[in-house]
Amino acid sequence: WVPMNSYYLILPFLSGLAAGAEFKALMNLIMPMLQAIWALSILLLPTLVRARDEARAGERASDAHARFSSRVRLSLAPFLLIPLLYWLLLGLFHRPVVAWLYDGRYVDHSALLWLLGLSPIIASAKQVLGQSLRALERPDRLFWAYVISAVGTLTVGTALVYVWGVAGAGMGFLVSQVLTAALALVFLQRLTRSQFEASRQGADVGHPSGERPPREEGLARDEAEKLA
């Protein structure tokens, strides 16, 4: 909640109600895309859980890590494409769109849509990475990513708003998104490698290379006796 909503409180307090109204007016053009991303990302979780199970069933930990990472990258493509197109359209037509929606008001800061329009792109990456962490059964790492991002919002974000007002709020909002996504990526890279290595080692306990498990040895012996 803090990285997404703090600027609605910080900006009016430091720069006045008019600045807060301008920022909210611009964010009204961003929020529908963000909400669509949040809703669609939930549907991604079952797919990533299946990818995790398939990867764990692989032969080698390195293959499992590569297989799961490949599925995550494949999931990123559609989530990034639509926000990217939306960003281009919003940026190219920022002034007429804002003038039409708000009857000529708030056009002075309409160019900030070039900056704010990047947030759905970053949010898409953040949501895919977050669902990947949930698929690996480690939502605690995502929690810490949000905690650190919240601290950054209340410190760096507040300083940006104090210095640059509405533009600072836009920069701070984007910085909060980037920080969360970057931390989720770091946690995911560490977890995928460690988890798949641990699962493969657990599967190999008591099964030295080149030897059959005792149960398989017994079945093979029984089959040989029947054939004899």
Side-chain angles (χ1 to χ4, degrees), residues 1-11 23 27 30-53 55-56 64-84 87 115-161 168-199:
W1 185 91
V2 174
M4 295 296 300
N5 297 284
S6 293
Y7 297 99
Y8 294 116
L9 302 175
I10 296 172
L11 188 59
F23 181 71
M27 285 300 298
I30 306 298
M31 290 307 298
M33 180 59 69
L34 290 175
Q35 290 168 351
I37 292 166
W38 296 332
L40 291 173
S41 67
I42 297 174
L43 304 177
L44 189 60
L45 184 58
T47 301
L48 292 172
V49 170
R50 285 195 298 270
R52 177 204 66 193
D53 294 339
R56 285 177 176 174
H65 174 264
R67 190 177 295 112
F68 184 78
S69 299
S70 176
R71 188 65 63 87
V72 172
R73 288 193 295 270
L74 187 63
S75 302
L76 276 170
F79 272 84
L80 292 176
L81 180 60
I82 296 176
L84 181 62
W87 169 66
L115 181 64
L116 291 173
L118 291 171
S119 60
I121 301 174
I122 305 302
S124 295
K126 179 186 70 176
Q127 289 298 320
V128 172
L129 296 171
Q131 295 299 339
S132 301
L133 287 171
R134 292 187 176 97
L136 295 176
E137 300 175 340
R138 294 307 302 265
D140 57 313
R141 300 300 177 91
L142 186 60
F143 168 77
W144 285 112
Y146 279 113
V147 167
I148 297 171
S149 178
V151 173
T153 297
L154 295 176
T155 53
V156 177
T158 301
L160 290 171
V161 172
M171 289 185 284
F173 185 78
L174 191 62
V175 167
S176 300
Q177 297 278 346
V178 170
L179 183 58
T180 306
L183 289 169
L185 176 61
V186 171
F187 290 149
L188 181 64
Q189 288 180 331
R190 292 181 178 179
L191 277 172
T192 49
R193 189 171 299 278
S194 62
Q195 279 205 8
F196 292 131
E197 286 178 354
S199 63

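Since the structure is predicted, the reported quantities are computational estimates derived from the model, not experimental observations.
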Kindly indicate whether the side chain of Leu40, heavy atoms from C-beta on, has any atom under 4.5 Å from the side chain of Leu44.
no
In terms of side-chain heavy atoms, does Ser176 have a donor or acceptor partner in Thr153 at a distance below 3.5 Å?
yes
Heavy-atom pair with the smallest gap, counting every atom of Phe68 and Leu188:
CE2-CD1, 4.3 Å
Pairwise distance CG(Leu81) to CG(Leu76) - rounded to 0.5 angstrom:
12.0 Å
Note: Leu80 and Ile121 closest approach over all heavy atoms is CD2-O, 3.4 Å
Short side-chain to backbone donor-acceptor contact, Tyr7 and Gly170, under 3.5 Å:
no
Please report the shortest heavy-atom distance between Ala145 and Ala184, naming the atom on each side.
CB-N, 4.3 Å
Heavy-atom side-chain contact between Met33 and Ile82 under 4.5 Å
yes
So which heavy atom on Leu129 is nearest to which on Ala181, and how close?
CD1-O, 3.5 Å
From Thr47 atom OG1 to Leu74 atom CG, the distance as rounded to the nearest 0.5 Å
10.0 Å
Minimum heavy-atom separation for Leu154 to Ser6, with atom names?
CD2-OG, 4.2 Å
Rounded to the nearest 0.5 angstrom, the CZ-CG distance for Arg71 and Leu48 is 8.0 Å
With sequence neighbours excluded, what pairs up with Thr158 under the side-chain hydrogen bond (donor to acceptor under 3.5 Å, both in side chains) test?
none
Atom pair NZ (Lys126) and CG (Leu179), whose distance is rounded to the nearest 0.5 Å:
10.5 Å
Of the non-hydrogen atoms in Ala135 and Arg52, which two are nearest, and what is the gap between them?
O-NH1, 2.6 Å
Student check: side-chain heavy atoms of Leu191 and Leu133 closer than 4.5 Å:
yes
Got more than 12 heavy atoms from elsewhere within 6.0 Å of CG, Leu34?
yes
Does some side-chain heavy atom of Gln127 sit less than 4.5 Å from a side-chain heavy atom of Trp38?
yes
Minimum side-chain heavy-atom gap Phe79-Ser41 below 4.5 Å
yes
Side-chain heavy atoms of Met27 within contact of Phe173, under 4.5 Å
yes
Interatomic distance, Ile30 atom CD1 to Trp87 atom CH2 [nearest 0.5 angstrom]:
11.5 Å
Atom OG of Ser132 and atom CG of Leu185: how far apart are they, to the nearest 0.5 Å?
10.0 Å
Could you walk me through whether Ile122 and Leu174 pass the side-chain contact (heavy atoms from CB on, under 4.5 Å) test, one step at a time?
CA-CA 8 Å; Ile122 305 302; Leu174 191 62; 4.1 Å; yes
Could you check whether atom CH2 of Trp144 has more than 12 heavy atoms from other residues, nucleotides or ligands sitting under 6.0 Å from it?
no
